[in-house]
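Working notes, beginning with the structure itself.
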Amino acid sequence: MSRLIALVDSNNFYVSCERVFNPKLEGRPVIVLSSNDGCAVARSNEAKALGIKMGTPAFQMRDLIEKHQIQIFSSNYALYGDLSNRVMQTLQNFTPEVEVYSIDEAFVGLTGEVSDHALSIMRTTVKRWTGIPVSIGLAPTKTLAKIANRIAKRGEGTYILRDPDQVLENLPVGEVWGIGRQSTKKLTAYGITTALKLKQADLAWIKRQMGIVGVRIVKELRGTSCLPLELIPQPRKSCCVSRSFGHPVTDLEDLREAIATHTARAAHKLRRDNLSASLLAVFIATNRFNADLPYYRNSGTVGLSAPTNHTITLTKAALKALGPLYRVGDHYQKAGVWLTELTPAHEIQQDLFINHKSCEKGRKLMEVMDALNSQFGAGTVRCAAQGFEQSWRTKAEMRSPRYTTRWDELLIVP
DNA sequence: TCTGGGGTCCTAGGACCC
DNA sequence: TCTGGGGTCCTAGGACCC
């Protein structure tokens, strides 16, 4: 029995999430902005038709927005994350072979004869149960499923790739999954301009030019699966929290608040995933687009004496790392914290020099803090180092309500 | 005025060891 | 003048993804 892979991909996912709770947005141009209301990260088909490209900065779209009455939203990750879970759970209803690949995509393993009708049922069920429209492409490998999905998206919403070569011949090589800008440039220089030419390329030559990654892509195009479904999510290896500031920051005190806040978020993520970190890095940067001011970025690393996910321990380390990075007079635009060398929290090597009693106390404190913050909202209990005014905070001026995760933001039907 | 955030994997080259 | 060979580990940086 043949094993096939379906790629289920939400259409314009963030925009679709906004539409679920705001049906007036249907049929109108809608854009969702990146964090800090910086640039377009999701566009409705109507917005795409107006020529708005992925990643266009908000200030460059001002006239178009005004002229066409485009609806603009800040990113609302609480909402998108929750709706994503609902979509994934719906897919799990059909088969346990679901690999959650990103917030809006899943690879689904299917066996035997799969009809267009079956895919269509999957699609309409997701729409009916979650309100999110998806497209489904089916093929023998992940790379081909990605291509099938593109066709599904432009057509009926589902597509089974039965005659790959005909499709590959009309697909620019840069559209193949895993072929980025650099590889496109290199391949094009050698006359490999379409996916079909890539599929027919000499494997030894590909190995020399693109390494093992390139070989895998070519084999996948030929129908040999090299990228298996990963049904059990691998534990993450690092955890990074960084944000742009709502406006340029010059004070060390503001930087300290931001770093403490990002550290608290990162530590919380670790506790949620039951991980501890051994290494912490802090980085700060000025605006690289501003030609009038010097561009400065720097980072500093601190090793922890024992792996930890304790907010206060990590915050102390982070603030220590920040100190030497700061320069008076620079206009900072961004700061972040990066935790690495992650290990499962329960497998930690006992440290001879650690006071176990205070360690246990610290763990309980975090437990209570997480419980309070979960019940009453993030930031209810926090370190004083995180500040109160937080004037540096990231912009999110057009965020919709967190309809599904906050009681006080429920949709009210008059 | 205004340009996102969070990841992974691979490779080359250096340090080091026997 | 001659100056091994093979292996591992680590790190930085590149490339790519959504």
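In what follows, every chain begins at residue 1, and chains take the letters A, B, ... in the order their sequences are listed.
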A/Arg363 side chain reached by A/Met366 side chain, heavy atoms, under 4.5 Å: no
Just the rounded figure in Å: distance from P of B/dG7 to CG of A/Leu342. 9 Å
Candidate nucleotides B/dT3, B/dC2, B/dG5, ranked by approach to the side chain of A/Pro248 - the nearest: B/dC2
Find the distance A/Ile103:CD1 to B/dG5:P and express it as a whole number of Å. 15 Å
Closest to the A/Glu105 side chain: B/dG6, B/dC2, C/dC18? C/dC18
Specify the separation, in whole Å, of atom NZ of A/Lys395 and atom C1' of B/dG5. 17 Å
Expressed in angstrom and rounded to an integer, what is the separation of A/Met61 atom CE from B/dT1 atom P? 18 Å
What is the distance, to the nearest angstrom, from the CD atom on A/Gln333 to the P atom on B/dT1? 16 Å
Atom-to-atom span, CZ of A/Phe245 to P of B/dT1 - whole angstrom: 21 Å
Applying ring pair (Phe, Tyr, Trp, His ring centres under 6.0 Å), run through A/Phe289 and A/Tyr295 and close with a yes or a no. CA-CA 9 Å; A/Phe289 295 104; A/Tyr295 179 44; 9.2 Å; no
Nearest to the A/Asp104 side chain among B/dG5, B/dT3, C/dC18, which nucleotide is it? C/dC18
When you compare the protein's N or O atoms with those of nucleotides 8-15 of chain C, which come within less than 3.5 Å of each other, and at what distance?
none

Nearest heavy atom decides the nucleotide; on that basis, is A/Lys207 or A/Phe59 closer to the 5' end of DNA chain B? A/Phe59
Counting only side-chain heavy atoms from C-beta out, which of B/dG6, B/dG4, C/dC17 sits nearest to A/Val241? B/dG6
A/Lys269 has its side chain closest, among C/dC17, B/dG5, B/dG7, to B/dG7
Pair A/Trp205-A/Tyr190, ring pair (Phe, Tyr, Trp, His ring centres under 6.0 Å): steps then yes or no: CA-CA 11 Å; A/Trp205 183 83; A/Tyr190 287 100; 5.0 Å; yes
Nearest-Å distance, CG (A/Asn290) to C1' (B/dT3)? 11 Å
What's the closest nucleotide to the side chain of A/Arg236 if the choices are B/dG6, C/dC18, B/dT3? B/dG6
When the P atoms of C/dC18 and B/dT3 are compared, how many Å lie between them, rounded to an integer? 25 Å
Residue set satisfying ring pair (Phe, Tyr, Trp, His ring centres under 6.0 Å) with A/Phe94, at least two apart, ordered chain then number -> none
For B/dG5, does OP1 or OP2 lie under 4.0 Å from any side-chain N or O of A/Ser244? yes
Heavy atoms only, 4.0 Å cut-off, all strands: where does A/Leu33 land among base, sugar-phosphate and nothing? nothing
Just name whichever nucleotide pairs with B/dC18, Watson-Crick or G-U, keeping both distances under 3.5 Å, else none. C/dG5
Is any side-chain N or O of A/Lys334 closer than 4.0 Å to OP1 or OP2 of B/dG5? yes
Is the distance from OP1 or OP2 of C/dC18 to the nearest side-chain N or O of A/Trp177 less than 4.0 Å? yes
Have a look at A/Thr56 and say if it touches a base, only the backbone sugar-phosphate, or nothing, with a 4.0 Å heavy-atom cut-off. nothing
